[in-house]
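Structure first, commentary second.
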Amino acid sequence: MSDCIFCKIIAGDIPSDTLWEDENVIVFRDIDPKAPTHVLIVPKEHIVTFADFKEGQGDILLSMSKAARAVAEAEGVLDSGYRLIVNNGPDGGQEVLHLHMHLFGGRPIGPMIKRAE
Ligand code: 5GP
Ligand code: ZN
């Protein structure tokens with residue numbers, strides 16, 4: 001998608017700190033890290049939310065899982081633990097409308113979400 005920032009990163013038009021990739025997925029560091037390790041696991045295809053996978057795209061999900069393991073291991077957080085988050089839509093806090101899984105690690109990540117007021 002021409003106006004999508006992550007598609008531009010995948011195309012190499014915008015630089016990124018890429019840590020891992022295969023034919024389905026790319027992993028790069030978040031530009032505004034919230035933890036010592038904060039990377040984004042991104043399908044190369046322009047899929048908008050986690051609910052938009054279609055039949056035949058199971059290999060992309062498997063690549064996302066492989067990417068999470070490989071990067072967690074490379075970053076030294078596989079045993080200490082890490083958190084995976086996918087924000088979906090406005091209430092989910094999704095700012096970039098190209099599916100991505102955040103991986104946070106390198107310190108205790110804290111409580112899961114704030115309790116509703
Ligand atoms: P969301 O809120 O959509 O789940 O997260 C979007 C994430 O993308 C944010 O954590 C933000 O810092 C990151 N981000 C936005 N633009 C760029 C960029 O151009 N490069 C990189 N590496 N990360 C970006
Ligand atoms: Zn895109």
Side-chain angles (χ1 to χ4, degrees):
M1 239 192 134
S2 58
D3 62 345
C4 169
I5 194 153
F6 285 179
C7 281
K8 286 178 182 162
I9 288 174
I10 290 157
D13 296 339
I14 295 178
S16 73
D17 195 352
T18 299
L19 302 179
W20 188 94
E21 67 180 307
D22 70 1
E23 67 274 29
N24 301 310
V25 164
I26 187 168
V27 182
F28 49 86
R29 291 195 194 280
D30 196 291
I31 204 168
D32 181 20
K34 313 292 192 304
T37 293
H38 181 182
V39 305
L40 302 172
I41 300 168
V42 184
K44 290 184 173 175
E45 216 169 297
H46 183 85
I47 295 166
V48 178
T49 80
F50 196 79
D52 294 320
F53 281 104
K54 295 187 171 54
E55 290 294 334
Q57 291 185 317
D59 55 337
I60 302 177
L61 281 163
L62 185 58
S63 285
M64 291 178 79
S65 170
K66 285 182 187 166
R69 185 186 173 90
V71 172
E73 193 162 31
E75 291 286 298
V77 303
L78 191 61
D79 295 331
S80 52
Y82 54 92
R83 183 167 297 159
L84 299 170
I85 291 181
V86 179
N87 295 323
N88 288 273
D91 281 1
Q94 184 177 11
E95 290 173 3
V96 177
L97 299 182
H98 179 136
L99 172 65
H100 51 282
M101 183 177 276
H102 297 256
L103 186 156
F104 300 99
R107 65 164 171 81
I109 299 303
M112 194 160 62
I113 56 170
K114 279 188 191 159
R115 197 175 295 278
E117 299 297 322

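When a ligand or atom number is given, it counts from 1 through the structure's own listing order.
The main-chain N or O of Phe50 is found under 3.5 Å from a side-chain atom of Asn88 such that the two form a donor-acceptor pair. Although no hydrogens or angles enter the test, the distance criterion places no donor-acceptor pair under 3.5 Å between the side chain of Lys44 and the main chain of Cys7. Remark: side-chain polar atoms of Glu73 are not paired, donor with acceptor, to backbone N or O of Ala70 under 3.5 angstrom. Although no hydrogens or angles enter the test, the distance criterion places a donor-acceptor pair under 3.5 Å between the side chain of Gln94 and the main chain of Val96. Distance alone, capped at 3.5 Å, places no donor-acceptor pair between the Glu21 side chain and the Ile26 backbone.
Near His102, with a cut-off below 4.0 Å to any heavy atom, the atoms of ligand 1 are 1 (P), 4 (O), 5 (O), 7 (C), 10 (O). Remark: ligand 1 atoms within the under-4.0 Å shell around heavy atoms of Glu95 are 1 (P), 2 (O), 3 (O). Interface of Phe6 with ligand 1, defined as ligand atoms under 4.0 Å from a residue heavy atom, comprises 8 (O). Using a 4.0 Å cut-off to heavy atoms of Asp32, the atoms of ligand 1 that qualify are 12 (O). Heavy-atom contacts of Gln94 reach the following atoms of ligand 1: 3 (O) (cutoff under 4.0 Å).
Taking a 4.0 Å cut-off on heavy atoms, Val86 fails to register as neighbouring ligand 1.
Within 6.0 Å of CG on Asp17 lie more than 12 heavy atoms contributed by other residues, nucleotides or ligands. Other residues, nucleotides and ligands contribute only 12 or fewer heavy atoms inside 6.0 Å of the CZ atom of Arg69.
Aromatic rings from His100 and His102 are positioned such that their centres are separated by under 6.0 Å.
Atom CD in Glu95 sits 9.0 Å away from atom CG in Asp32 (nearest 0.5 Å). With rounding to the nearest 0.5 Å, the separation of OG in Ser16 from CD1 in Ile9 is 5.5 Å. Atoms CD and CG, from Glu75 and Leu19 in turn, are 5.5 Å apart once rounded to the nearest 0.5 Å.
For atom 6 (C) of ligand 1, the closest non-hydrogen atom of the protein is His100 NE2, 3.5 Å. Protein heavy atom at the shortest distance from atom 22 (N) of ligand 1 is Arg29 O, 2.9 Å. In terms of protein heavy-atom proximity, atom 2 (O) of ligand 1 is nearest to Gly93 O, 2.9 Å.
Aromatic ring pairs are classed by plane angle as parallel below 30°, tilted from 30° to 60° and perpendicular above 60°; the pair Phe104 and His38 is tilted.
Around the Zn ion (ligand 2), protein atoms of type N, O or S found under 2.8 Å number 4.
Nearest to atom 7 (C) of ligand 1 by heavy-atom distance, out of Asp30, Asp17, Ile14, is Asp30. Of the candidates Val42, Ile31, Asn87, it is Ile31 that places a heavy atom closest to atom 21 (C) of ligand 1.
Smallest separation of non-hydrogen atoms from Leu99 and Val42: O-CG1, 3.7 Å.
Considering backbone and side-chain N/O of Val96, one or more are found under 3.5 Å from N/O of ligand 1. At under 3.5 Å, not a single nitrogen or oxygen of Ile9, backbone or side chain, sits near a nitrogen or oxygen of ligand 1.
Contacts between Ile5 and ligand 1 below 4.0 angstrom, taking non-hydrogen atoms only, involve the side chain exclusively.
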